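Remember, predicted model here, so these are calculated numbers, not experimental data.
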Protein chains: 2
Amino acid sequence: MSTRTDKKQQTRQNLIDAALGLLNQQRSFGSLSLREVAREAGLAPNAFYRHFDDMEDLGLALVDVAGQSLRTVMREARQKLVTSQSVLDVSVNALFDHIAREPQLFHMLLREQGTGSESWRRAIRTEIRYFTNELAEDLERLGQAKERPIADAYTTADAIVAITFGGAGNALSMSADSRSELAARLVLQLRMIMLGSERMAEARD
Amino acid sequence: MSTRTDKKQQTRQNLIDAALGLLNQQRSFGSLSLREVAREAGLAPNAFYRHFDDMEDLGLALVDVAGQSLRTVMREARQKLVTSQSVLDVSVNALFDHIAREPQLFHMLLREQGTGSESWRRAIRTEIRYFTNELAEDLERLGQAKERPIADAYTTADAIVAITFGGAGNALSMSADSRSELAARLVLQLRMIMLGSERMAEARD
DNA sequence: CATTTCAGTGTACGCGTGTACACCAATGTG
DNA sequence: CACATTGGTGTACACGCGTACACTGAAATG
């Protein structure tokens, strides 16, 4: 009873992959056309409607996929938060590796935050806020464990995310060399934030 | 001998204003059509070509206008860098005021960095890098004057710009209330960076 | 086995687009 | 004053788009 549903899932996935395949640093999701995506997926234009209401609907599905991918990065980073010494260094490099593996996904998340429909932008904002909240929690816990508390965990986490994701967005259109140079600078900047946050917490006592 | 050239300049400006007028948080520059802009400017579509090669050409002109506006903000901020006590607070609020006055310009600069043609993105990157360089210079000078030097002025400036512009980009689609809340958080984050940078410089001795 | 469901097709439509071409009328030039 | 320059117009074209409609054939259902 599932040959039918399986096949449907498959072509749905084909549409998603087709859209992703058409994205690159020159081409934003907003510039893709329904016909174009259907063509790339080997479908007649009309068949698109069997799977999504319109391009916006597809877009939200893509953000969802990207969100899952982002959560994977985070989970890995959280593991390292416990074990490693040079947390920041390892985390940033982990993120950069991940980005290099799925550039289109992160193109959407990091570089198309500001464009598109209201719901598109809200969906992206939600994914990123989720990331920030989790990080804030980790920072707080970690700060107490090491007895070097930080000031205002959410604000600190937000700064870290802004720096990291902003940088990662730029990394998308860079050579491997410039990329690792950028990664090094990001680590420095994150260290500044952590240092500053700790110092602010000290001053508050 | 200038009735002709004057008029031409005027309609060119009309085209620029028309494009700017069509931009808002839902509508990105990339989604504007040549005909649409010409229509808004009260021109026949063909007349567009008397002033710009194509939409990309217009886009670069717009980035140029935005860059000039950005440089104005910076000049004001630099004045305050010398006179005021709470530099960061005043600077961030100055930027936010400016943004509220010309939202379309900053929409392009802050939210459409990641989309569009190669030359479009390079033009935007150049404007922002200019800003970062000037800030780095100021930070270095200021740090020496106050005998509280900072570490790696360019890296510090880059972090400040990333935080500030990232935040400002988000501010564009916020209510006035959320906006000032955000501004307050940004000031905190910038203080973290400054504090951290100073501490890094101390540690290096 | 007869019937219903439904993913996918082909045709067709009106629309907005970029831009080529021929033209006009006012300004600038010798 | 005669002529050249040029900002702007109107017409026309082919194109890609979203999507409505009628359809088909295979899988699912009873």
Atom-pair distance ([atom1] on [X]; [atom2] on [N]), nearest Å:
X: Asp6(B); N: dA26(C); atom1: CG; atom2: P; answer: 19 Å
X: Arg39(B); N: dG18(C); atom1: CZ; atom2: C1'; answer: 13 Å
X: Leu32(B); N: dG16(C); atom1: CG; atom2: C1'; answer: 14 Å
X: Gln10(B); N: dA26(C); atom1: CD; atom2: P; answer: 20 Å
X: Leu34(B); N: dA20(C); atom1: CG; atom2: C1'; answer: 14 Å
X: Lys8(B); N: dG28(C); atom1: NZ; atom2: P; answer: 13 Å
X: Leu15(A); N: dA7(C); atom1: CG; atom2: P; answer: 13 Å
X: Arg35(A); N: dT19(D); atom1: CZ; atom2: P; answer: 11 Å

Original post:
Is there a side-chain polar atom (N or O) of Thr11(B) under 4.0 Å from OP1 or OP2 of dG7(D)?
Top reply: no
Original post:
Think Ser33(A) has a side-chain N or O under 4.0 angstrom from the OP1 or OP2 of dC17(D)?
Top reply: yes
Subject >> Atom of Arg179(B), atom of Leu172(B) and distance for their closest heavy-atom approach >> reply: NH2-O, 3.6 Å
Original post:
Minimum heavy-atom separation for Thr11(A) to His51(A), with atom names?
Top reply: OG1-CE1, 3.1 Å
Original post:
Residues two or more places apart in sequence or in another chain: which of them pass ring pair (Phe, Tyr, Trp, His ring centres under 6.0 Å) with Phe96(B)?
Top reply: none
Subject >> Within 6.0 angstrom of Arg125(B) CZ, more than 12 heavy atoms from elsewhere >> reply: yes
Subject >> 5' priority, DNA chain D, between Lys7(B) and Asp54(A) [closest heavy atom] >> reply: Lys7(B)
Original post:
Are any of the side-chain nitrogens in Arg71(A) or Glu76(A) under 4.0 Å away from the carboxylate oxygens of its partner?
Top reply: no
**OP:** Decide whether His98(B) and Ser69(B) meet the rule of one side-chain donor and one side-chain acceptor closer than 3.5 Å.
**Re:** yes
**OP:** With a 4.0 Å heavy-atom cut-off, tell me which residues in residues 41-53 of chain A come close to DNA chain C, sorted by residue number.
**Re:** Leu43(A), Ala44(A), Asn46(A), Ala47(A), Arg50(A), His51(A)
Original post:
Does the ring centre of Phe106(A) sit less than 6.0 Å away from the ring centre of Phe165(A)?
Top reply: no
Subject >> Nearest listed nucleotide, side chain of Glu36(B), among dT17(C), dA12(C), dG28(C) >> reply: dT17(C)
